[in-house]
Amino acid sequence: MSRRATGLRAWVVQRVSAAYLAIFVLALAGRLAFAPPADAAAWRAWVADPWVNAAFGLALAALLLHAWVGVRDVLLDYVRPTGLRLAALALVALALAAYGWWGLRILLGVAP
Amino acid sequence: MRRNGRPVFLDLRAIRMPPGAVASILHRISGLLLFLAIPGLLWVLERSLAGPEGYATVHEAFGSWPVRLALVLLLWGLTHHLLAGLRFLLMDLGAGHALAAARASARVVTAAGLLGLAVAAWGLLA
């Protein structure tokens with residue numbers, strides 16, 4: 001069987017990241033709706049908790065990967081001129097990488 | 001750019017849009033909206049964690065009408081994208097492929113998204 005670009009990896013990444021994000025978003029929404037942190041310090045302490053911090057970090061990674069697969073699909077479908085498409089894809093990739101770096105700095109900057 | 005000379009038909013007003021098509025295109029649109037919101041969300045996260053002044057800044061921002069409007073739109077986006085996405089995941093697992101079931105689930109998802117929009121608007125704008 002020859003190796004080809006079937007899109008399977010992107011499909012799996014999209015689904016797995018979606019599943020994690022669904023759970024994370026629902027858990028976060030539940031927490032904020034039913035037991036919101038009392039003030040700035042409580043919020044900071046919660047995000048600084050090692051497990052919560054890790055969960056946020058994973059959510060950020062999942063979000064960036066999920067967004068990449070999704071936006072790439074849209075660009076591939078609608079941007080026909082090759083040069084323009086490549087430029088758009090590159091811009092999106094750069095933006096997502098920058099968001100990743102920014103998010104990492106935010107999460108690592110919350111000292112426990 | 002059409003290189004093969006074949007006819008094109010893209011009159012969106014004339015092309016039929018069954019419930020599945022509506023759910024699907026809204027899934028794309030909501031996804032793009034959420035993507036555009038990422039820097040905003042990161043800003044909120046950063047400011048809110050930067051101490052009591054930052055937290056207060058975020059709180060204040062959430063009080064303004066343009067931000068609330070944006071939040072309503074984003075909450076719709078999140079609701080629809082999440083529910084339509086779950087519908088797709090379930091269909092991946094083989095559930096609800098039959099035409100009737102697929103159309104029903106598409107309608108439910110789109111309606112639930114609009115319900116979410118109404119709830120968000122009522123909660124944030126009323």
Side-chain angles (χ1 to χ4, degrees), chain A residues 11-12 14-19 21-26 28-29 33 37-48 53 56 59-60 63-64 66-75 77-85 92 95-96 98-107 109-111, chain B residues 1-4 8 10 12 24-60 62 71 74-75 77-93 116 119-120 123-124:
Chain A
W11 187 88
V12 171
Q14 190 187 53
R15 264 58 178 178
V16 171
S17 61
L21 283 168
I23 296 170
F24 179 84
V25 162
L26 289 172
L28 182 63
D39 54 16
W43 169 240
R44 212 187 140 82
W46 189 62
V47 180
N53 201 270
F56 267 86
L60 178 64
L63 180 63
L64 297 175
H66 188 86
W68 171 243
V69 175
V71 177
R72 177 177 165 270
D73 276 352
V74 172
L75 293 177
D77 277 354
Y78 301 140
V79 185
R80 305 295 221 86
T82 310
L84 187 62
R85 189 172 66 240
V92 171
L96 289 172
Y99 298 155
W101 188 255
W102 183 16
L104 188 66
R105 291 187 57 154
I106 294 173
L107 291 173
V110 193
Chain B
M1 267 175 204
R2 212 142 269 283
R3 276 178 241 156
N4 52 19
V8 179
L10 280 176
L12 293 176
S24 182
I25 192 61
L26 287 179
H27 188 236
R28 274 209 159 170
I29 291 169
S30 58
L32 285 172
L33 256 170
L34 290 167
F35 166 69
L36 293 173
I38 292 177
L41 293 173
L42 284 172
W43 180 87
V44 166
L45 187 64
E46 182 177 56
R47 288 281 89 219
S48 70
L49 290 169
E53 316 83 31
Y55 193 79
T57 306
V58 170
H59 223 271
E60 220 179 282
F62 279 6
L71 267 174
L74 284 178
L75 283 171
L78 182 61
T79 307
H80 186 93
H81 197 81
L82 180 57
L83 293 176
L86 284 174
R87 173 173 174 265
F88 280 141
L89 277 177
L90 288 171
M91 287 179 108
D92 284 344
L93 295 172
V119 168
L124 289 170

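A note on names: the letters A, B, ... follow the listed sequences, proteins ahead of strands, and every chain is numbered from 1.
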> Is there a side-chain contact between Trp11(A) and Asp92(B), using heavy atoms and a 4.5 Å cut-off?
Replying inline: yes
> When rounded to the nearest 0.5 angstrom, what distance separates CH2 in Trp46(A) from CG in Asn53(A)?
Replying inline: 11.0 Å
> side-chain contact (heavy atoms from CB on, under 4.5 Å) between Phe35(B) and Leu96(A): does it pass, once the steps are laid out?
Replying inline: CA-CA 9 Å; Phe35(B) 166 69; Leu96(A) 289 172; 3.7 Å; yes
> Hey, what do you get for OG1 (Thr79(B)) to CG (Leu82(B)), rounding to the nearest 0.5 Å?
Replying inline: 7.5 Å
>> As an exercise, state the distance from CG of Leu32(B) to NE2 of His81(B), rounded to the nearest 0.5 Å.
In response: 9.0 Å
>> So, taking the atom named CG in Leu75(A) and the one named CZ in Arg85(A), what distance separates them when rounded to the nearest 0.5 Å?
In response: 9.5 Å
>> I need the Arg44(A) CZ to Asp39(A) CG distance, nearest 0.5 Å.
In response: 12.5 Å
>> Does any backbone or side-chain atom of Val47(A) lie under 4.5 Å from a heavy atom of chain B? Answer side chain, backbone, both or neither.
In response: side chain
> What part of Trp102(A) lies closer than 4.5 angstrom to a heavy atom of chain B: side chain, backbone, both or neither?
Replying inline: side chain
> Which answer fits Leu21(A), side chain, backbone, both or neither, if we ask what part of it has an atom under 4.5 Å from a heavy atom of chain B?
Replying inline: neither
> Got a second to check how far Glu46(B)'s CD is from Thr57(B)'s OG1, nearest 0.5 Å?
Replying inline: 11.5 Å
> Under a 4.5 Å heavy-atom cutoff, which of Asp73(A), Val92(A), Asp77(A) has the most pairs with chain B?
Replying inline: Asp77(A)
> Between Pro52(B), Gly51(B), Gly31(B), Ser48(B), which shows the greatest number of heavy-atom pairs under 4.5 Å with chain A?
Replying inline: Ser48(B)
> Do the rings of His27(B) and His80(B) sit parallel, tilted or perpendicular, given the 30° and 60° boundaries?
Replying inline: tilted
>> Is Ala67(A) in contact with chain B via its backbone, its side chain, both, or neither, using a 4.5 Å heavy-atom distance?
In response: side chain
> So what's closer than 4.5 Å to chain A heavy atoms on Leu78(B): side chain, backbone, both or neither?
Replying inline: side chain
>> For residues 38-45 of chain B, give me every residue with a non-hydrogen atom less than 4.5 Å from any non-hydrogen atom of chain A.
In response: Ile38(B), Pro39(B), Leu42(B), Trp43(B), Leu45(B)
